[in-house]
Amino acid sequence: MQHQQQQRRMFTAALLALVFILAAVSTTEAGKKEKPEKKAKKSDCGEWQWSVCVPTNGDCGLGTREGTRTGAECKQTTKTQKCKIPCNWKKQFGAECKYQFQAWGECDLNTALKTRTGNLKRALHNADCQKTVTISKPCGKLTKPKPQGKCLLLK
């Protein structure tokens, strides 16, 4: 009997603790001010249009680009942004176009050139890049086949 009374007291204490916790949480929640949702800003500003990156020195490295946008109520219609042109990119195809090139082809004996094709891998800042490009370079030293045996001409 004593055991049942002890269990009843523990149950009552636990129930009172639960009620107290729930009351504390509900008053805390009620005390918080509801934040009004921010009004979505309606803007007539257009998208930013960026110029190509112009290096500060030389034809690669750090530089800047100019951005412009249109709109009657735009707070800002022009801005300048820092940019970088990687120095190892093939600049002849546009400094902001990165290509993945295939292996060099065989040497064309008529032109003494070998060629390879590159597929566009990445274009920075919406640059206008060709999908595929082809480059050529001189074959280098052309070696003529050597005769198979030693020949000595004696007179």
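Keep in mind it's a predicted model, so treat the numbers as computed, not measured.
Atoms NZ and SG, on K121 and C97 in that order, are 14.0 Å from each other to the nearest 0.5 Å. Put simply, CH2 on W104 and CD1 on I135 are 4.0 Å apart, with the number rounded to the nearest 0.5 Å. From T117, atom OG1 reaches atom CD of Q102 across 5.0 Å, with rounding to the nearest 0.5 Å. To the nearest 0.5 Å, the span separating NZ on K131 from CG on N119 amounts to 10.5 Å. Note that the NZ atom of K82 and the CZ atom of R65 stand 13.5 Å from one another [nearest 0.5 Å]. Interatomic distance, OG1 of T78 versus CD of Q49, reported as 14.0 Å (0.5 Å rounding).
Residues Q130 and V133 share a closest heavy-atom pair of OE1-CG1, 3.7 Å. Scanning all heavy atoms of the two residues, the minimum distance from T70 to C74 falls at O-SG, 3.7 Å. The minimum heavy-atom distance between S136 and T115, with the atom names listed, is OG-CG2, 2.8 Å. Nearest heavy-atom pair across A123 and C129 is CB-SG, 3.6 Å.
There is a path of hydrophobic side-chain contacts, each under 4.5 Å, that joins F101 to L120.
Of the possible polar contacts, one joining the T56 side chain to the L62 backbone as a donor-acceptor pair under 3.5 Å is found. A donor-acceptor pair is defined here as one N or O able to donate and one able to accept, closer than 3.5 Å; no such pair exists between the side chain of R116 and the backbone of A103.
Sorted by first then second residue, the ring-ring contact (aromatic ring centres under 6.0 Å, His included) pairs that include residues 44-75, not counting sequence neighbours, are W48-W50.
E47 places none of its side-chain heavy atoms less than 4.5 Å from the side chain of R69.
For T64, the side chain to side chain contact (heavy atoms under 4.5 Å, CB included) test picks out T80, with sequence neighbours left out.
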